[in-house]
Amino acid sequence: MPRFFLTTAIDYANGEPHLGHALEKIGADAIARLHRQLGYDVHLLIGMDEHGQKVAQTAEKQGVPPQQFVDSIAEQFQAMWARLGISHDQFIRTTAPAHKAAVTRLIEQIFAADASLPEERRNFYERSYTGMYCVGCESFKQPADIVDGTCTVHPTRTLEEVTEHNWFFRLSAYTAPLKALFAANPGFLEPESRRNEILQLLEQGLEDISASRSRFDWGVPFPRPLSNGDVQTTYVWFDALPNYWTARFFPGFDARAAWPADLHVIGKDITRFHCVIWPAMLMAAGEPLPAQVWAHGFISLGGERFSKSAGVKLTLGEAIDRYGVDAFRYYLLRDVPFDADGAFSWERFEEVYNSDLANTLGNLGSRSTAMIEKYRAGVVPGCSPDAELFAAHEASLAQARAAVDGARRYRPNEVVSALMDVARRTNEYIQRTQPWVLAKDPANAAALDTVLATLAGSLALCAAWLAPVMPQKMQALWEQLGGPGDVTAVRLDQPISAGDWTVAKGTPLFPKPEAPAL
RNA sequence: GGCUGGGUAGCUCAGCUGGUGAGAGCGCACGACUCAUAAUCGUGAGGUCGAGGGUUCGAUCCCCUCCCCAGCUACCA
């Protein structure tokens, strides 16, 4: 069984989970579930990035120790992922001892490689950095952030010129190797628009970056002291990025988490870190690179990019409560292409729920199970389904598969649309064959058998293929059809037959909200 | 400023390397049907394919200029 190891970005522990976090997890979860049902041995890794200055500051403002603070944030995130049905195999936290030890190990691995290099080529070296420091932000400012001698956030504070002595990482040495990587394997970063940004960056040439910090200590101590004896704190990205690599050093993890990963699912705002710094670190350490990075887009709200302030207008809880978890997952995956941005709106959510879920799919389930009960006492005829219709279905399934495990990967929204094609096509088929007319004349029994078998078979396909998107609702549909066991265990790469199942029409899968009284 | 991507029916978007009548879903209008969650099916509505110019026998798709939107332009993450 081939292995598929995918990760999401670890979420920064300085606030509550919001729609943007959810989009990434739901997308990665759908990809993971689809791969499981396609026969892969999947390992989905998610987690929290809990170090760094902002976390320490936020904890201080709330008057709690940082560890206690991140513990409560991590709890909130995990509760949300459970509620959303995220099927991760591992939840990593960068404050875990196993992670911290492994980060040290990776950095030491780079130092070990440096031992055989001449000094001017070593990856880690000490250097003084002089920059404009804003006391308000407690961080150095780049020229672009400085207007009239002050930072844009704190115009009343004067910037101070501060010199800091740090460990540096020779990122500049990786300009050429990274260019070679993209030349040999353009697909390392998808989609293409994001790749172009990185290629442009490489064209400009990379600058070295600091790998340690002196101004705060909420992090992993940098493994080697400076020549003056000071022990600094590892720069957060040298702590956060390695989580993908450190996951396998946790107790109980084995080959499924073996490095390298097959896929990093990240937001488009952090491609630079995952496609430049991270591969450079791995090259320095002599480690293999992940197979692919997928940068998804963002979801906006009311025309504005999603952020904490926008989160005030929309909490995940109310979005989930509107039509249920599965409908929320469906809406996000259906309406936000995984390679571009999308917009959230209640109007659109309602439209998608009514049209796709209630009318097209839910009603197809209702009418099909009703007819099988009415005309065949609930038993699905054992004959073959309509060959022509199923040939068309097969074409849709091929598209769905290509969208997740082929030329178009990874686009769960295309899987969703391919399966809606199946449902729509089946509704047309019903209208065309008119089973209620066939049922009136016993001479048409064989034809009616074929129609009913086709309906059950088509619905079984929908249930199995949409289970990765809507696990609970599709399990309910599967049970109404009389399918055996757990729908999430159904293999998508093998034939699915509903012959001889016993259906039981239940309550509507996607009930429409009560119409307002006029 | 530089770079990248985009501007196609009311809405969300497809349209591979240029070629007979520019498409889908939703919404809308009309019609059909009754198995079904007043659901479904069919038909239609005719959008200067951002603007202007160019190349070509012919361009939504190629080139140039301009306008508008989004993103990136590196150590907060």
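Per chain, numbering begins at 1; letters A, B, ... match sequence-line order.
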Could you measure between the two [atom1] atoms, the one in [N] and the one in [M], and give it in whole Å?
N     : M     : atom1 : answer
B:C63 : B:A45 : P     : 34 Å
B:A51 : B:U60 : P     : 11 Å
B:G10 : B:U73 : P     : 36 Å
B:G31 : B:G71 : C1'   : 47 Å
B:U40 : B:C33 : C1'   : 8 Å
B:A32 : B:G18 : P     : 47 Å
B:U34 : B:G46 : C1'   : 33 Å

Looking at CD of A:Gln472 and CG of A:Asp326, how far apart are the two atoms once the value is rounded to the nearest 0.5 Å?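 A:Gln472 CD to A:Asp326 CG: 5.0 Å, rounded to 0.5 Å.
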How far does CG of A:Asn14 sit from CZ of A:Phe69, to the nearest 0.5 angstrom?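 These two atoms lie 6.5 Å from each other.
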Grab the [atom1]-[atom2] distance between [X] and [N] for me, whole Å please.
X        : N     : atom1 : atom2 : result
A:Ile198 : B:G71 : CD1   : P     : 17 Å
A:Ile277 : B:A74 : CD1   : C1'   : 7 Å
A:His274 : B:A77 : NE2   : C1'   : 11 Å
A:Leu199 : B:U73 : CG    : P     : 15 Å
A:Glu50  : B:C76 : CD    : C1'   : 17 Å
A:His165 : B:C75 : NE2   : P     : 21 Å
A:Ile266 : B:C72 : CD1   : P     : 13 Å
A:Arg194 : B:U73 : CZ    : C1'   : 13 Å

Could you say whether A:Leu201 or A:Gly52 is positioned toward the 5' end of RNA chain B, judged by the nucleotide with the nearest heavy atom to each?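 Counting from the 5' end, the first nearest nucleotide belongs to A:Leu201.
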When you check the phosphate oxygens OP1 and OP2 of [N], does a side-chain N or O of [X] lie under 4.0 Å from one of them?
X        : N     : result
A:Arg272 : B:U73 : yes
A:Lys505 : B:U37 : yes
A:Tyr235 : B:A77 : yes
A:Asn359 : B:U37 : no
A:Lys268 : B:C72 : no

Pairing annotation in dot-bracket form, given for RNA chain B with Watson-Crick or G-U pairs under 3.5 Å and | for cross-strand partners: (((((((..((((.....[...)))).(((((.......))))).....(((((..]....))))))))))))....
Would you call the rings of [X] and [Y] parallel, tilted or perpendicular if under 30° counts as parallel and over 60° as perpendicular?
X        : Y        : value
A:Phe328 : A:Phe349 : tilted
A:Tyr323 : A:Tyr353 : parallel
A:Phe169 : A:Tyr174 : parallel

When all nucleic acid strands are considered with a 4.0 Å heavy-atom cut-off, which category describes [X]: base, sugar-phosphate, or nothing?
X        : answer
A:Gln200 : base
A:Gly362 : base
A:Glu207 : base
A:Leu509 : base
A:Arg432 : nothing
A:Arg424 : sugar-phosphate
A:Gly267 : nothing
A:Asp335 : nothing
A:Asp208 : base

Would you mind telling me which of [options] lies closest to the side-chain atoms of [X]?
X        : options             : value
A:Pro508 : B:C41, B:U37, B:A77 : B:U37
A:Asn363 : B:G5, B:A36, B:G71  : B:A36
A:Leu206 : B:G71, B:A74, B:C76 : B:A74
A:Arg334 : B:C3, B:U40, B:G25  : B:G25

Cationic N near anionic O, under 4.0 Å, A:Lys505 to A:Glu373: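 No.
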Any salt bridge between A:Arg425 and A:Glu428, counting N to O under 4.0 Å?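 Not counted as a salt bridge, because no side-chain N and carboxylate O are separated by less than 4.0 Å.
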Decide whether A:His51 and A:Tyr235 meet the rule of one side-chain donor and one side-chain acceptor closer than 3.5 Å.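 No donor-acceptor contact under 3.5 Å links the two side chains.
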Checking side chain to side chain donor-acceptor pair (under 3.5 Å) between A:His99 and each of A:Asn243, A:Thr94, A:Asp239, which is the one that passes?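 One option only clears the test, and that one is A:Asp239.
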Sole candidate of A:Glu126, A:His165, A:Gln232 that passes side chain to side chain donor-acceptor pair (under 3.5 Å) when paired with A:Ser212: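 The option that passes is A:Gln232.
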Taking the cut-offs as 6.0 angstrom to the six-membered ring centre and 45 degrees off its axis, would you call A:Arg322 and A:Trp346 a cation-pi pair?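 Yes, A:Arg322 lies over the aromatic ring of A:Trp346.
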When you measure from the centre of the six-membered ring of A:Tyr125, is the NZ or CZ of A:Arg170 under 6.0 Å away and within 45° of the axis?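 Flagged: A:Arg170 positioned over aromatic ring of A:Tyr125.
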Return yes if the base of B:C26 and the side-chain atoms of A:Ser355 contain a donor-acceptor N/O pair under 3.5 Å, otherwise no.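 Counting by modelled atom types and ignoring angles, no donor-acceptor contact under 3.5 Å is found here.
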Distances under 3.5 Å between protein N/O atoms and the N/O atoms of nucleotides 32-35 of chain B, please, pair by pair.
from, atom 1, to, atom 2, distance (Å)
B:C35, O2, A:Arg367, NE, 3.1
B:C35, N3, A:Arg367, NE, 3.4
B:C35, N3, A:Arg367, NH2, 2.6
B:C35, N4, A:Arg367, NH2, 3.1

